[in-house]
Amino acid sequence: MRDFVGEKWLAYQGFFEKASEIALYYGFTPIEVPILEQEDLYIRGSGDSTDIVTKELYSLRTKGGDRLALRPEFTPSFMRLYMERGMHNQQQPVMLMSYGPLFRHDNPQKGRYRQLYQFNLEVMGSDKSINDALVIRVLSTILDEVGVKDYTFEINSLGDKDCRTAFKKALVAYYRKHNSALSPRSKELLKTNPLRILDSKEPREIELRDGAPNSIDYLSGASKQHFKEVLEYLESLSIPYKVNNALVRGLDYYTRTVFEVVIYQDAAVDPTNPTPEEAAKQIRIELGGGGRYDYLAKTLGSKRDIPAIGAALGVDRIIETAGTKELMPRIVKPPKVFFIQLGYEAKLKSLIVTEILRNAKVPVMQSLSKDSLGMQLGRAEELKVPYCIIMGQKEVMENAVIVRLMETRSQELVKIADLGAYIKKLK
Ligand code: HAM
C-alpha cells in the first residue's frame, strides 16, 4: 500500500474535486460509507464466487467475534444504506456518489494496488434506460475534463432473470461439450458462475469463446428494448462505444447492461528490436466499469427488487493515464507574493502579515525559518513569484513593508494597513 506525497496527493485531490463537481451538477448526492463493514455484506453482495471475495477480501475477526472486512467496492454498502434508510419512500431514483480507498488483496503492480481508489456513482430505484445513459454520460464527461484521450465504452447486455436462465443453460451445455479444453478454474466456474468463463484470459478459452452462445441472442423482448435504447442514447450523445459480447464483468450482481471504459496502449516492447507481433501488441487498460444490478437488493434481504445502475472509475489508473497536469485542486493557488522577513522583529510580525494577506485572498509563500535575504530571494525566484514583500527592522518600526516587482526590481513602501488592498490591485 502506498504513501502519497506532493504532486501525487494533489493529483488525487484534484481528480476528486473535478469528478465531484461534475457528479453534483448531474444531481448526485455525496455520501460517506464505512471502510469496514460486516464481511457478509460483501460475500452476499459482491458474490461468493467473485475474485474480490474468494481471493482478495481483507477480512478480520474483532475481539467480540464479529467478522468484518475492509470494503473491496462501494456498491453493496450503497444498497445497504438505501435499504436501511427506507429510501424507496423518497423521490426515485436516488442518486448517490462517493469516493475513497478500497482494499483488494491482489498482486500489486502498476495499475493494480491493494489500496486502490474509486470514484463511484449509483442510481437506485429506477429501471429506466436513461439512467444507464446518465451514468455513462457522467463518466465520459469526467474522463474528458481530466484529459483522458481515446477511451471507448465496451458494452454488453447480460439479460434479466428470465433470459439469463436460458443463456446460462446454453453456456453450460456448450462448455460441458468442451470440458477437456477447460482450465481447472473454468471447470470450477462451470459449477459456480459459468458466465465468468467468457472472461477468461487463457488462449484456448479465448478461442472457445468464439463459438460460445451469445447473451444478446437470448435477450427477452424487454431486455432487448432496454439495450437498444441505451445504445441509442450513447449514439445521440456521441459517446464512443463498442458492443463487446464477451464482456461479463467480475461481480455476481449484474443484470442487463454491463460496460467497461477502456483505453488501448502500446505494450512496452524493446524499442530497438521488437518483433512484428510485439510491435502490434496493445494492452487493454480498464479505467472503469459498471452496470445494472436489479436483483442485488433481494440478495441483501430486501422484500422488493430495487432496480439500479452504477459505475466506478479506477482513479489510480486514470491518474497514471492522464498525468497530473490538469488536476491541480482548487485549494492550491499559485503564490502571487513571496514574503521575506529580516531580523527577529520582522519574524515576530510575519504571521500577522500573512493573515492580512489571507484575509485579502492573496496567495502568499514564505520561508519563515530562513534568515538571509539571499536565500529568501532565491526561493522567490525559483517559484517565479511576481512580487516580494520585504520586511526588515526599519519597516517594522514604520508599520510598513517594501513591495518589490521582481521583474523590474522597482520597489514601493506600503503601510501594512493598506497592504491587502494594494496587492489585490497589482496584476
Ligand atoms: P470493478 O470493475 O471491480 O467494479 O472496479 C472498477 C474499477 O476500479 C476498474 O475498472 C479499475 O479501473 C479499478 N480497479 C479495480 N481493481 C483495482 C486495483 N486492484 N487497483 C487499481 N484499480 C483497480 C466495481 O468495483 C463495481 N462496484 C462498479 C460498479 C458500481 N458497478 C455498479 N456500480
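Throughout, residue positions are numbered sequentially from 1 according to the sequence presented. Keep in mind it's a predicted model, so treat the numbers as computed, not measured. Counting starts at 1 for both ligands and their atoms, following the listed order.
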What donor-acceptor contacts under 3.5 angstrom involve side-chain atoms of residues 300-312, with partners at least two apart or in another chain?
| residue | atom | partner | partner atom | Å |
| --- | --- | --- | --- | --- |
| Ser302 | OG | Arg304 | N | 3.1 |
| Ser302 | OG | Arg304 | O | 2.5 |
| Arg304 | NH1 | His88 | ND1 | 3.4 |
| Arg304 | NH1 | His88 | NE2 | 3.1 |

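Just one residue in the list Asp160, Asp127, Asp132 forms a salt bridge (Lys or Arg N to Asp or Glu O under 4.0 Å) with Arg292, and that residue is Asp132.
With hydrogens and angles ignored, the 3.5 Å screen pairs a side-chain donor or acceptor of Lys336 with a backbone N or O of Ile423.
For Lys128, the side chain to side chain contact (heavy atoms under 4.5 Å, CB included) partners two or more places apart in sequence, or in a different chain, are Ser126, Ile130, Asn131. Partners of Arg358 under the side chain to side chain contact (heavy atoms under 4.5 Å, CB included) rule, at least two apart in sequence or in another chain, are Glu355.
For a heavy-atom separation below 4.0 Å, the residues in contact with ligand 1 are Glu73, Thr75, Arg104, Gly111, Arg112, Tyr113, Leu116, Gln118, Asn120, Glu122, Arg249, Leu251, Tyr253, Tyr254, Glu286, Leu287, Gly288, Gly289, Gly290, Gly291, Tyr293, Gly310, Ala311, Ala312, Gly314, Asp316, Arg317.
The environment of NZ in Lys333 is crowded: more than 12 heavy-atom neighbours from other residues, nucleotides or ligands sit within 6.0 Å.
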